[in-house]
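Written out below as structure tokens is the structure these notes cover.
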Amino acid sequence: MKGQWQGYARGWAREVAVQGQYAYVAASEGGLIIIDVSDPANPVRVGGTSGAASRVTVSGNYAYVAAYGLGLEVINVSNPANPVRVGGVDTSGSAEGVAVAGDHAYVADFDAGLQVIDVSDPANPVRVGGYDTGQRGWFVLDVAVVGDLIYVANREQGLLILEQSTAPPPPAEWFRVQTDLASSPPASAFHGMVYDSVRGVVLLHGGNPAPGSQSFTDTWAWDGTSWTRLTTQGPSVLGFGFAFDSDRGVAVVLHGGLGDGSPQPVLAATWEWDGEQWRQVSNGVGPGVRAAPAMAYHPLRKRVILHGGTLDIDSSRILSDTWAWDGSSWQEIPNANGPSRDKHQMVFDERRQVLVLFGGLEARGSAPTDTWEFDGTEWRQAATAGPPGGRELPVLAYDSVRGVTVLWGGGEWQNDGFPVHEAFDDTWEWNGDVWTQVATEGLRPAAAQGTAGAYDLRRGRLVQFGGTRGGGDLVPRQTWEYGLPPLRITGITSQGNVLEIRWTGGAPFYQLQRRSSLTAGEWQDVGGPTIETNANVQADGAASFFRVVSLFGSTP
């Protein structure tokens with residue numbers, strides 16, 4: 001042994017990176033430790049940081065630290081005796097490993113898969129992509145990057161080799177899902193929909209069939225094939241905030257809204273759904289009475305975020321405050337500087353790790369076209385104008401497969417009051433810089449406002465149901481989905497001992513697979529991933545069944 005630094009660290013020394021005369025040690029709970037190894041026989045500690053450090057890599061003047069639950073930490077080490085944290089990204093998992101290539105850091109984020117972070121501005125790193133390993137318990141522990149290939153060490157799946165892609169997201173389409181109307185939700189408007197990531201279903205609750213009528217108390221679940229009524233014993237409410245707490249995994253949170261009666265009361269209660277029943281968990285404490293707020297879950301803050309709303313049905317007293325729910329109490333977020341808004345929508349952008357807000361009213365008769373984003377502490381105006389026209393009560397959802405926020409429908413404010421009288425059927429996508437109108441051809445849902453939608457993470461689909469054209473005229477009881485066209489094999493032809501298999505839909509890269517039984521056995525890859533929509537297979541005389549899976553955005 002040439003030498004040893006025998007200083008004390010509160011945690012285990014887990015990894016070391018060396019650049020020039022310095023060794024950078026990730027010492028778990030002991031943080032980052034910088035050691036001068038210019039004399040290997042007499043290494044000397046010269047600096048360090050507090051916090052956590054699981055892995056470390058150094059590039060130029062910066063050390064990039066995988067810091068467990070803190071995510072990626074960027075440390076300026078130009079002065080090794082005084083390292084300074086300049087930026088970071090709190091990833092949604094537990095950062096276990098990190099590699100840096102060019103302007104990007106690649107974080108092995110344990111049960112949250114691989115996270116790709118743009119570090120071209122070290123003081124402002126931004127998540128720009130990632131790879132979902134597909135199942136809980138498939139833990140990503142380390143990562144290496146060579147050229148265009150990313151090598152991912154996964155505890156259950158072994159070594160994954162990923163190819164980087166900068167291609168724009170492929171176009172999505174609307175398609176109607178045929179359902180049994182006898183077992184579907186009733187026609188309604190001003191209801192709410194969220195995705196339950198624990199049970200893998202989209203939930204629908206509340207709303208009413210006509211202005212002034214009693215609101216529904218039913219809760220429904222959509223599994224991608226059919227609707228199931230889970231209970232009839234829920235809060236009677238419409239125009240409420242609705243979000244799913246994926247960290248606690250047991251609660252759909254509902255706050256405020258309008259109750260039954262004439263005039264309709266503005267409510268203040270908070271309710272939670274545990275998968276079996278609703279229970280009221282707060283009444284008037286925190287945000288207080290309000291209708292038509294926006295709500296979404298912020299996985300980095302591990303809180304449900306509520307913004308805005310109105311104190312009365314005619315939008316004459318619109319709010320701008322921002323609140324966080326931790327499962328037991330509401331806390332207002334001070335100095336959040338959010339816009340005054342009601343009847344708007346809010347969704348979490350997983351790629352850029354911010355909440356996106358669009359739509360609604362800022363004052364009676366005024367529907368702005370600006371876009372706002374919330375980083376967990378403060379709002380900022382991301383775009384001062386559309387081009388999506390100002391509208392209230394649209395559908396807003398984040399498409400995690402394609403990495404864009406999707407906007408659909410909504411209504412145009414009319415000066416003669418509530419409800420509005422003209423609905424939209426246009427579809428837009430926000431990539432963090434610009435809005436683009438999409439899906440201008442083909443079928444789409446009937447124009448609606450007061451509608452609802454939620455992104456089915458398991459199936460990679462935005463699900464939309466219900467709404468009104470305005471004036472109480474409800475749209476048909478149809479279930480629509482928006483996403484990549486379904487991937488299906490369209491033909492198999494033979495020529496001698498060669499089978500040609502053709503397919504359509506999905507998005508590249510594609511992987512053809514086969515097995516000998518339709519219902520049993522493991523699917524085996526045939527060849528490697530391809531951007532083509534056909535493949536030739538050598539026939540071997542044995543019975544075979546084939547399928548094609550898309551590797552775009554997630555594991556098959």
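Being a predicted model, the structure only gives us computed values, none of them experimental.
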Would you say Thr217's side chain and Thr232's backbone share a donor-acceptor pair under 3.5 angstrom? yes
Kindly say whether the aromatic ring centers of Trp372 and His307 come within a distance under 6.0 Å. no
Would you mind reporting whether Phe240 and Arg290 have side-chain heavy atoms less than 4.5 Å apart? no
Does a side-chain heavy-atom distance below 4.5 Å link Arg461 with Pro486? yes
Does the Asp342 side chain pair with the main chain of Ala292, one donor and one acceptor, at a distance under 3.5 Å? no
Can you tell whether the side chains of Arg341 and Asp370 come within less than 4.0 Å, N to carboxylate O? yes
Does a side-chain heavy-atom distance below 4.5 Å link Ile333 with Ile305? yes
From Ile318 atom CD1 to Glu362 atom CD, the distance as rounded to the nearest 0.5 Å: 8.0 Å
What's the shortest heavy-atom distance between Ala454 and Tyr195, and which atoms? CB-N, 3.9 Å
Got a donor-acceptor contact below 3.5 angstrom from the Arg391 side chain to the Gly409 backbone? yes
Do Val406 and Thr427 come close enough that some side-chain heavy atom pair is under 4.5 Å? yes
Supply the atom-to-atom distance Asp109 CG to Asp111 CG, rounded to the nearest 0.5 angstrom. 7.5 Å
How far apart are the closest heavy atoms of Trp222 and Glu481, and which atoms are they? NE1-OE2, 3.0 Å
His205 ring center within less than 6.0 Å of Trp278 ring center: yes
Exactly one candidate in Asp247, Asp245, Asp90 meets salt bridge (charged side-chain N to carboxylate O under 4.0 Å, His left out) with Lys302; the answer is Asp247
Treating Glu392 as the side-chain partner and Pro394 as the backbone partner, does any N or O pair qualify as donor plus acceptor under 3.5 Å? no
How many angstroms lie between atom NE2 of His344 and atom CG of Leu393, to the nearest 0.5 angstrom? 10.5 Å
Keeping the roles fixed (side chain from Arg55, backbone from Ala66), state whether a donor-acceptor pair exists under 3.5 Å. no
Between the main-chain N or O of Ser215 and the side-chain N or O of Ser236, is there a donor-acceptor pair closer than 3.5 Å? yes
Modelled atom types, side-chain donor and acceptor of Gln464 and Thr451, under 3.5 Å: yes
Would a distance-only check, ignoring hydrogens and angles, find a side-chain to backbone donor-acceptor pair under 3.5 Å from Arg303 to Ala324? no
Looking only at the aromatic ring of each residue, does the gap between the centers of Trp227 and Phe465 stay below 6.0 angstrom? yes
Is any side-chain heavy atom of Glu429 less than 4.5 Å from a side-chain heavy atom of Arg402? yes
Side-chain heavy atoms of Thr468 within contact of Phe190, under 4.5 Å: yes
Please report the interatomic distance CG(Asn208) to OG(Ser213), rounded to the nearest 0.5 Å. 4.0 Å
Donor-acceptor contact present, side-chain Trp408 to main-chain Asp425, <3.5 Å: yes
Evaluate Glu272 against Thr270 for side chain to side chain donor-acceptor pair (under 3.5 Å), listing each step before the verdict. CA-CA 7 Å; Glu272 289 188 349; Thr270 301; over 6 Å; no
What distance do Glu96 atom CD and Thr91 atom OG1 have between them, rounded to the nearest 0.5 Å? 9.5 Å
For Arg477 and Pro185, indicate whether the former's side chain and the latter's backbone hold a donor-acceptor pair under 3.5 Å. yes
Once you round to the nearest 0.5 Å, how far does CZ of Phe242 lie from CG of Leu306? 13.5 Å
Check the orientation of Trp330 and Trp325. Use parallel for under 30°, tilted for 30 to 60°, and perpendicular for over 60°. tilted
Tell me whether the rings of Trp435 and Trp430 are parallel (<30°), tilted (30 to 60°) or perpendicular (>60°). tilted
Check whether any side-chain heavy atom of Tyr64 sits under 4.5 Å from a side-chain heavy atom of Val74, and report yes or no. yes
4.5 Å side-chain heavy-atom contact, Leu72 and Val98: yes
Residues in ring pair (Phe, Tyr, Trp, His ring centres under 6.0 Å) with His104, at least two apart? none
Under the side chain to side chain donor-acceptor pair (under 3.5 Å) criterion, do Asp399 and Tyr482 qualify, and how do the steps go? CA-CA 9 Å; Asp399 184 335; Tyr482 177 81; over 6 Å; no
Thr322-Trp379 side chain donor-acceptor pair, cut-off 3.5 Å: yes
